[in-house]
Amino acid sequence: MKTKFKKISDSRVEITVTLEKEDLKKAEEKALKKLAQEIKVEGFRKGKVPAEVARKFIPENDLNAETIDFAVRSTVIEAFQKEEKSPLVLPAVNVTKYVPGEMAEYTATADIIPEVKIGDFKKLGVKKEEVKIAKKDIDEVLDNIANSFAEKKAIKKAAALGDEVIIDFVGKKDGEAFRGGSAKDYKLTLGSKTFIPGFEDSIVGHEPGDKFDLKLTFPKDYGVSDLAGAKTVFEILVKQVNEITKPKIDDELAKKCGPFKTVEELKADIEKNLKAQHNHRVEEKFKDDLIKAFVAKSKIPTPEILIDDQVRAIREDMTRNAESRGMSLEDFLKANNETMENWEKEARKIATERVKASLALQTLAVEQKITVSDDLVNAKIAELRDVYKKSPEALKNLKNPNVKNDIKNRLIIEATINFLADANK
């Protein structure tokens, strides 16, 4: 077998393969053996016909077609290996010459894992944010805790700011109810600014049993284009008014929240948890910024097939998200004032960034000989088994060698990101 390499682009190649007599002889033997299993010859059981006997009964065109098929399938990957290229999918083959028993020639075209030239990973100039917890952050958590212990008491008087109301409402535009504008037994704390301006303030002063129409104009910058700046009417029924009594933020409240004797101990615990949350967020952002800076300093060809795969994955995630809300992807995008065309452009941009990051990190892992132990991989699989213990299908998938290899690759990428972070601290 002889090969001739041609570069089509940074991530796509064509290899011309020439097969000689010996290559075709081996392929013909395999083809003959296969076809012999399928024919019937008097005096022999089906599948037991000797190859040389079967040859006399097999049409020459059938044998030639099967031979070239075996010849291509048995040599195409070897041809890429010979040229030290790794195809991302099975190459597209075109047979250009075939003289049975003498020679054959075909071209094999495929996207390959491109040659990535990574930049200096130690001088990326990315700074990590400082973590600062303000007093107002702690006070906000304390207020939320107090709200969770608040007592609600139904009252027979006009609602005031700070009260909770239970309402039925129907929002209409041009006399027709619009999507997402209706609800029954909706609990709303007046003054929470949950609804558009004017909605909550207009309920203040109304008593249980009051039924009224509320004319409101949506803000011009509202997220749903059909409602932005629209004049609407809400039909509202106030079913109940609850007076909310919040407990004092003191030692007694602290004791209800856990093993705390004083409110100062509770505040210290809140500050500790907030710091942990902020540290995690800051660390993740630091790593994301490092990867972007690393990619920017590297030369990374992006095979279209990898980008297409990522776009498909993004679309599937978005579709599942939309379906969980009882909507199609198209309706979900429309509700968020987005067109399919713009979304696809943005999805392709994100997909390209993901592919570049993945290829850069894979190359860094190889160059720095970053790997993970089998013990770590097995521990991760054991962790996933516990997570999916109620899903027989997921547990079955974890036994698949390809899944195990995928888990190992993900762990290597995680280790490489940590390596990149350590190199830039």
Side-chain angles (χ1 to χ4, degrees), residues 126-155 157-167 183 185-195 197 199-201 203-204 240-291 321 324 375-376 379-390 410-411 414-415 417-425:
V126 176
K127 300 295 182 183
K128 188 188 293 188
E129 294 178 15
E130 288 186 33
V131 176
K132 294 181 179 179
I133 305 300
K135 180 178 180 298
K136 67 179 183 62
D137 297 325
I138 299 172
D139 290 342
E140 185 178 335
V141 175
L142 281 171
D143 191 56
N144 289 334
I145 291 173
N147 284 331
S148 69
F149 284 96
E151 294 182 357
K152 298 177 183 179
K153 180 181 178 183
I155 56 175
K157 65 177 184 178
L161 286 175
D163 289 340
E164 178 188 76
V165 292
I166 299 176
I167 58 174
D185 296 324
Y186 189 91
K187 294 181 179 180
L188 173 64
T189 300
L190 301 180
S192 63
K193 298 182 180 180
T194 304
F195 283 68
F199 190 96
E200 295 172 32
D201 290 341
I203 297 176
V204 172
Q240 185 173 320
V241 177
N242 293 325
E243 186 178 60
I244 300 176
T245 303
K246 289 169 57 175
K248 290 182 179 180
I249 298 176
D250 55 14
D251 294 347
E252 290 305 311
L253 177 63
K255 292 174 183 177
K256 295 178 181 178
C257 296
F260 310 111
K261 295 180 180 179
T262 67
V263 73
E264 293 305 317
E265 289 181 5
L266 175 58
K267 287 181 180 180
D269 188 68
I270 291 171
E271 183 176 13
K272 176 183 175 183
N273 289 329
L274 286 175
K275 279 184 178 178
Q277 293 170 18
H278 283 264
N279 273 323
H280 177 74
R281 178 186 59 78
V282 166
E283 186 67 24
E284 291 304 303
K285 186 179 184 302
F286 175 61
K287 289 178 180 178
D288 286 343
D289 291 344
L290 279 175
I291 293 171
N321 186 22
S324 70
D375 287 344
L376 187 60
K380 185 63 178 179
I381 292 174
E383 179 186 324
L384 292 172
R385 282 199 195 102
D386 188 56
V387 172
Y388 297 116
K389 58 186 175 184
K390 294 183 179 180
R410 291 183 187 183
L411 290 174
E414 287 179 14
I417 294 172
N418 290 334
F419 170 85
L420 191 63
D422 290 339
N424 284 272
K425 287 182 177 178

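Quantities reported herein were computed from a predicted structural model and do not represent experimental measurements.
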_Results of salt bridge (Lys or Arg N to Asp or Glu O under 4.0 Å) for Lys135 - residues two or more places apart only_ = Asp139
*asked:* Suppose we screen for salt bridge (Lys or Arg N to Asp or Glu O under 4.0 Å). Which residues come up paired with Arg281, at least two apart in sequence or across chains?
replied: Glu129
_salt bridge (Lys or Arg N to Asp or Glu O under 4.0 Å) partners for Lys389, two or more places apart_ = Asp386
*Which atom of Leu253 lies closest to which atom of Pro247, heavy atoms considered*: CD1-CG, 4.2 Å
_Using the side-chain hydrogen bond (donor to acceptor under 3.5 Å, both in side chains) criterion, which residues pair with Lys267? Sequence neighbours excluded._
none
*Using only heavy-atom distances, determine whether the side chains of Asn418 and Asp422 contain a donor-acceptor pair under 3.5 Å.*
no
*Quick one: list whatever passes ring pair (Phe, Tyr, Trp, His ring centres under 6.0 Å) with Phe419, sequence neighbours left out.*
Phe121
*Does a side-chain N-to-carboxylate-O contact under 4.0 Å join Lys255 and Asp251?*
no
*Can you check whether Leu420 reaches Lys287 side chain to side chain, under 4.5 Å on heavy atoms?*
no
*asked:* Holding to salt bridge (Lys or Arg N to Asp or Glu O under 4.0 Å), I want the full list of residues that pass it with Lys261, two or more places apart in sequence or in another chain.
replied: none
*Looking only at non-hydrogen atoms, find the nearest pair between Glu200 and Thr189 and report the distance.*
OE1-O, 3.5 Å
*asked:* For the backbone of Ala134 and the side chain of Asp137, can you confirm whether one donor and one acceptor N or O come within less than 3.5 Å of each other?
replied: yes
